[in-house]
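Following: one structure in structure tokens, then a few remarks.
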Amino acid sequence: MSACCGPARSGARPLAAPRPATDLGPSGAERPGPARVTLPGGTFRMGDHFAEGYHADAEGPVREVEVAPFAIDATAVTNEAFAAFTDATGYVTDAERHGDSYVFHLLLAPAARPHVLGRVPQAPWWLGVAGAHWRAPEGPGSGIDDRAGHPVVHISHADALAYCAWAGARLPTEAEWEYAARGGAEGRRYPWGDELRPGGREMCNIWRGDFPHRWRGTGRPGTVPADAYEPNGFGLYNTSGNVWEWCADWFAPGQRAIRGGSYLCHASYCNRYRVAARSSNTPDSSTGHGGFRCVRDVPAGPPADPGPNRPEKGPRP
């Protein structure tokens, strides 16, 4: 995997001891979380229609895939929703248990500089930082008080599964993720069409500038609110860019699939913000651009039509 997509924890050190069992409450109970959209499922053409993917990512060939009806969060799980989970259960994430996580070098909090453990050799823009986790995404001295509606980051695959168990949900398969990300429009490069910036408009949160050292966008690089930019045809937000999202599938032995790209993706190095793009990381890894969204099974049959870009409103914190 390209290290821009996320450095892996496994292999760098022994895994920590298993976390103690946590009472997550009754399975399937309604929990606070993002609004969701119910999709009818069916057959769609999955894969890279433009032969633009990396060969090792196995995005092709384009093939017909069938998915059953399911409901999917309109956004990635936010800091607000994840806080409701940890407050209710006392859950401790893998990054907190390990004591460190990976932070992009331009985002390091000034107070976190003494806590840098080192750089990733193949990708020196990634810093191992002691004390970095979802509540301190840029290391000690940073916080999320002004980012309640941003996607939660520094989330491992196990963390995502724990949240799903509490929320009565699960992670999407890659087929479900891509079907939903396309928004009903097959064969397109992005959720909105084939042009990255139609009419000069910014449609997603990816790297703007010279990766990895110069940012040319407004503000600074990093996450934006989970419902930023225009939704796709199904009413889903940020299925290109912002944060990588864990999927249920194995990508390769020891690697779980991630989808969607992040605010660090750039055509000069990693064009994995296309809807067909795939990448992966080890299940215990966490990074400052890694999050997730949930899906739920629904009975077969036509769902109620929420209308264009109007996801069904679920309970919120």
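Heavy-atom basis, side chains included; hydrogens, waters and symmetry copies ignored.
- The aromatic ring centres of H133 and H98 sit 6.0 Å or more apart.
- Here R220 pairs with E138 in a salt bridge; the nearest charged N to carboxylate O distance falls below 4.0 Å.
- Within the model, atoms CG of L171 and SG of C164 stand 4.0 Å from one another, a figure rounded to the nearest 0.5 Å.
- A donor-acceptor contact shorter than 3.5 Å is absent between the side chain of S285 and the backbone of N281.
- We find that E245 and R259 are not joined by a salt bridge, their nearest charged nitrogen and carboxylate oxygen being 4.0 Å or further apart.
- The OH atom of Y237 sits 6.0 Å away from the CG atom of D227 when rounded to the nearest 0.5 Å.
- Looking at W244, F292, W246 one by one, the single match for ring-ring contact (aromatic ring centres under 6.0 Å, His included) with H157 turns out to be W246.
- Classification of E52 and R189 as a salt-bridged pair holds, one side-chain N sitting under 4.0 Å from a carboxylate O.
- Put simply, the side chain of N232 gets close to the backbone of A181: a donor and an acceptor are under 3.5 Å apart.
- Residues E202 and R208 are paired through a salt bridge, judged by an N-O separation under 4.0 Å between the basic side chain and the carboxylate.
- Of all the heavy atoms in A180 and L39, the pair that sits closest is CB-CD1, 3.8 Å.
- Around the CG atom of D145, the shell of radius 6.0 Å holds no more than 12 heavy atoms that belong to other residues, nucleotides or ligands.
- The backbone N or O of R147 lies less than 3.5 Å from a partner atom in the side chain of N79, making a donor-acceptor pair.
- A81 and P34 make their closest contact through CB-CD, 4.4 Å (heavy atoms, listed as atom of the first residue, atom of the second, distance).
- N238 contributes no side-chain N or O that, together with a main-chain N or O of N242, makes up a donor-acceptor pair within less than 3.5 Å.
- Side-chain contact of E230 with W192: a donor-acceptor pair under 3.5 Å is absent, judged by distance alone.
- Using a 4.5 Å cut-off on side-chain heavy atoms (C-beta onward), F70 and R296 make no contact.
- The cluster map of Ile, Leu, Val, Met, Phe, Trp and Tyr, joined by side-chain heavy atoms under 4.5 Å apart, puts V120 and F104 in the same cluster.
- Put simply, the side chain of V298 reaches to within 4.5 Å of the side chain of P69, judged on heavy atoms.
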_Could you walk me through whether W250 and Q255 satisfy the side chain to side chain donor-acceptor pair (under 3.5 Å) test, starting with their C-alpha distance in whole Å, then the side-chain angles of each, then the deciding distance to 0.1 Å, before giving a yes or no?_
CA-CA 6 Å; W250 290 102; Q255 302 274 331; over 6 Å; no
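- Salt-bridge formation is not detected for the pair D73/R170: no Lys NZ or Arg NE/NH1/NH2 atom is positioned less than 4.0 Å from an Asp or Glu carboxylate oxygen.
- V65 and W177 fall into different hydrophobic clusters, where Ile, Leu, Val, Met, Phe, Trp and Tyr side chains are chained together by heavy-atom contacts under 4.5 Å.
- Judged by distance alone, the side chain of R214 and the main-chain N or O of F211 form no donor-acceptor pair under 3.5 Å.
- The pair R45-E178 does not meet the salt-bridge criterion, since no charged nitrogen lies less than 4.0 angstrom from a carboxylate oxygen.
- Grouping the Ile, Leu, Val, Met, Phe, Trp and Tyr side chains by contacts below 4.5 angstrom, directly or via other members, places L196 apart from V224.
- Aromatic pair Y179/F234: ring centres closer than 6.0 Å.
- Without hydrogens or angle criteria, H289 side chain to G222 main chain gives no donor-acceptor distance under 3.5 Å.
- Rounded to the nearest 0.5 Å, atoms CZ (F82) and NE2 (H154) are 12.0 Å apart.
- Under the 4.5 Å side-chain heavy-atom criterion for Ile, Leu, Val, Met, Phe, Trp and Tyr, F44 and L236 are members of the same hydrophobic cluster.
- Checking side-chain atoms of S240 against main-chain N and O of C204 turns up no donor-acceptor pair under 3.5 Å.
- The closest donor-acceptor contact from the side chain of R293 to the backbone of A74 lies under 3.5 Å.
- S101 and S286 share a donor-acceptor pair across their side chains, judged by distance under 3.5 Å alone.
- A donor atom on one side chain and an acceptor atom on the other are found under 3.5 Å apart for D159 and Y91.
- In terms of modelled atom types and a separation under 3.5 Å, the side chain of R63 and the main chain of P61 share a donor-acceptor contact.
- Contact check for W126 versus L264: side-chain heavy atoms found under the 4.5 Å cut-off.
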*So L108 and H105, side chain to side chain contact (heavy atoms under 4.5 Å, CB included) or not? Walk me through it.*
CA-CA 6 Å; L108 183 71; H105 71 128; over 6 Å; no
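- A donor-acceptor pair under 3.5 Å is absent between the side-chain atoms of D297 and the main chain of A68, judged by distance alone.
- When the side chains of ILVMFWY residues are joined at heavy-atom separations under 4.5 Å, either directly or via intervening members, W207 and M203 end up in two distinct hydrophobic clusters.
- Crowding of R197 atom CZ: a count of heavy atoms from other residues, nucleotides or ligands under 6.0 Å exceeding 12.
- Taking 4.0 Å as the cut-off between side-chain N and carboxylate O, D249 and R256 do not count as a salt-bridged pair.
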